[in-house]
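Before any comments, here is the structure.
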Amino acid sequence: MIPFSPMSTHIQGPVRVRFAPSPTGFLHVGGARTAIYNDLLRQSVGGAFILRIEDTDKERSNEAMTRQIQSALAWIGTVWDEGPFLQSERLERHRERAAELLANGRAYRCFCTAEELEGRRKAAEAAGSAFLYPRTCLARPQEELDALLAAGAPFVVRLRMPDDHVRFDDIVRGAMDFPPEALDDFILLRSDGSPTYHMSVVVDDIDMGITHVIRGEDHLSNTPKHVPLFRALGGTVPTFAHLPLILGPDKKRLSKRYGATSVEEFRNEGILPQALYNFLALLGWNPGDDREVMTREEMIAAFTVERLNDSAAVFDREKLWWMNGQYILRLSLQELWPHLEPFVEQAGLAGEDRERLQAALELHRTRATTLKELVELVQPYFRSELTYDPAACAKFLKDASLPDLLDTLRARFNALPAFTKEALEAALRALSEEKGAKAGVLIHPTRMALSASTGGPPLFDLIEVMGREATDRHMGRFLAFLREGGKPAEG
RNA sequence: GGCGCAUUCGUCUAGGGGUCCAGGACGCCGGCCUCUCACGCCGGUAACACGGGUUCGAAUCCCGUAUGCGCUACCA
């Protein structure tokens, strides 16, 4: 028993953590989640969160993407203390450290060409065994090496891996143990002298004093390479936490084919940053009790790495939408407004009366799960005409006396000295009573007239916010529509 | 192929030997509220991958199988 006491993984802090995305596209939700856990750890125990952009692959990186990633990180609410540092600006440093390894014998030059190695690799694969660099150049006589170097033959620099097992503790995986047969002398510097990813990360992590590396599980297999490199460079090996991946509904790595995967896309769909942060944090972590809708502060207070999950999670869009709806419900309109504004603008409502717009939004907030939907719902208040669906109006079209009745109601509404919901309701109920009908007979067609919908907020709230002018106009148009037998709206 | 990691309701998860014929949430279904829709509330549906151990007792520990995923580059 007691293979690992939980206390052994508990982090006291202060820590120095980092998020190191490569700017090859928009910030993926998986990356965002990694950033969130770094943020939560940093905020909960103190220390520093460093942002480092791994832009050494020039082909796939560009400055716009770097800015994009920063703005997405800031938008969801992560806070970094240092950076962004660009890895591309540290290439000299990486080379310098590789030269040291070469000088002290922890690394060596390899003159084998990529082509000949590729051939061996294929052969090994065909034979069903793993390919490891056979240390040809480590075994070469010194004179031969000197001659090759003097002749200007291209070479790569390889790390001389230790002969014993590589072991490390992973916070989420437990004890890791890799036998020497599983590891080979990997490349530190390419033949053009540029550092590989492995070289760059380790040097940067050492130089930046990183104490805890929280990253995706796709790096778990790279870690046994990194650990000996940390040691060879005289650095302290950080503590690792490898997070499980986020999957799509097909249980494969989350991909485009099932819709949005980047933070930016969710933002454009009308997801609130608080909701996305909350949702992502819960995809692989939980506070240990039943809380789900939590503020960042509450999550920081509850965060511990021991509660990080070790199995992959399917990204459930439906639940994100639900959670976003919860935030739309719980936030004040004032808090919501800055996030709503871009959608208001997009919907062409930016110039409308602010007070009326906000009153309408307030009326509909329980009925929307995204900001985009919410703004959509409020359109009828500002449109000069609505399009009625004959199918949805079939019931009203059958009642021949309805148009006149609605006309009367419209007149009574117009005659009201104060256009308040109390007065409106009294007027409508009085009329239905006079006609010996139930209030619903008037309520439902009126709702349809004003909103072109069978659902929505309580009718009298709706009319009050709609206002005298728009109410009269919509009712007039609806009457015409009914009298024309439900002809699909004119122009 | 090799190496590594994972496996509780459809999905996110609680659970670290008995208190679990497995708890919460999303979804779905039913009901209440009600002028409609939504919110809210109440109730229901549904899971320990499989096979062996260990143990008085296993969702929990061990081994195997299956499945999924990751890595396997002079990409990051």
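Just so it is clear, the structure is predicted and the values come from calculations on it, not from any experiment. Numbers restart at 1 for each chain; the letters A, B, ... are given by sequence-line order, proteins then strands.
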Regarding [X], tell me which of base, sugar-phosphate or nothing describes its non-hydrogen contacts under 4.0 Å with the strands shown.
X: A:Val314; answer: sugar-phosphate
X: A:Asn309; answer: sugar-phosphate
X: A:Ser311; answer: sugar-phosphate
X: A:Cys110; answer: nothing
X: A:Ala313; answer: sugar-phosphate
X: A:His219; answer: base
X: A:Arg307; answer: sugar-phosphate
X: A:Gln326; answer: sugar-phosphate
X: A:Gly456; answer: base
X: A:Lys438; answer: nothing
X: A:Gly325; answer: nothing
X: A:Phe178; answer: sugar-phosphate
X: A:Leu282; answer: sugar-phosphate
X: A:Pro457; answer: base

Base [N] to side chain [X], donor-acceptor N/O within 3.5 Å cut-off:
X: A:Ser22; N: B:rA76; value: no
X: A:Ser221; N: B:rC3; value: no
X: A:Asp290; N: B:rA25; value: no
X: A:Arg365; N: B:rC39; value: no

No-hydrogen, no-angle side-chain donor-acceptor test under 3.5 Å, A:Ser311 and A:Asn309: no

Electrostatic pair A:Arg120-A:Glu116, nearest N-O below 4.0 angstrom: no

Heavy-atom pair of closest approach, residues A:Leu282 and A:Glu292: CD2-O, 3.2 Å

Least distance between heavy atoms, A:Ala35 atom then A:Leu73 atom: CB-CD2, 3.4 Å

Using the [atom1] atom as the point on both nucleotides, what is the distance between [M] and [N], in whole Å?
N: B:rG68; M: B:rC63; atom1: P; result: 22 Å
N: B:rC26; M: B:rC42; atom1: P; result: 11 Å
N: B:rC37; M: B:rC71; atom1: P; result: 49 Å
N: B:rA76; M: B:rG51; atom1: P; result: 47 Å

Quick check on [N]: is either OP1 or OP2 less than 4.0 Å from any side-chain nitrogen or oxygen of [X]?
X: A:Asn286; N: B:rA14; value: yes
X: A:Arg253; N: B:rC71; value: yes
X: A:Lys251; N: B:rU11; value: yes
X: A:Lys319; N: B:rA25; value: no
X: A:Arg121; N: B:rC74; value: yes

Looking only at side-chain atoms of [X], point me to the closest of [options].
X: A:Trp322; options: B:rG4, B:rC74, B:rG27; result: B:rG27
X: A:Leu220; options: B:rU36, B:rG70, B:rC5; result: B:rC5
X: A:Ala130; options: B:rC35, B:rG2, B:rU11; result: B:rG2
X: A:Asp218; options: B:rG70, B:rU36, B:rA76; result: B:rG70
X: A:Arg367; options: B:rA38, B:rC74, B:rG27; result: B:rA38
X: A:Met176; options: B:rC39, B:rG4, B:rU7; result: B:rG4

Complementary nucleotide for [N] - Watson-Crick or wobble, under 3.5 Å:
N: B:rA58; answer: none
N: B:rC33; answer: none
N: B:rA25; answer: B:rU11
N: B:rG1; answer: B:rU72
N: B:rU65; answer: B:rA49
N: B:rG17; answer: none

Audit row: A:Tyr108, A:Asp185, side-chain hydrogen bond (donor to acceptor under 3.5 Å, both in side chains) steps and yes/no: CA-CA 9 Å; A:Tyr108 62 94; A:Asp185 293 348; 2.6 Å; yes

Flag if over 12 foreign heavy atoms under 6.0 Å of CD, A:Gln334: no

Full working for side-chain hydrogen bond (donor to acceptor under 3.5 Å, both in side chains) between A:His94 and A:Asp204: CA-CA 8 Å; A:His94 303 154; A:Asp204 285 349; 2.8 Å; yes

Polar side-chain atom of A:Arg95 near backbone of A:Gly193 as donor-acceptor pair, under 3.5 Å: yes

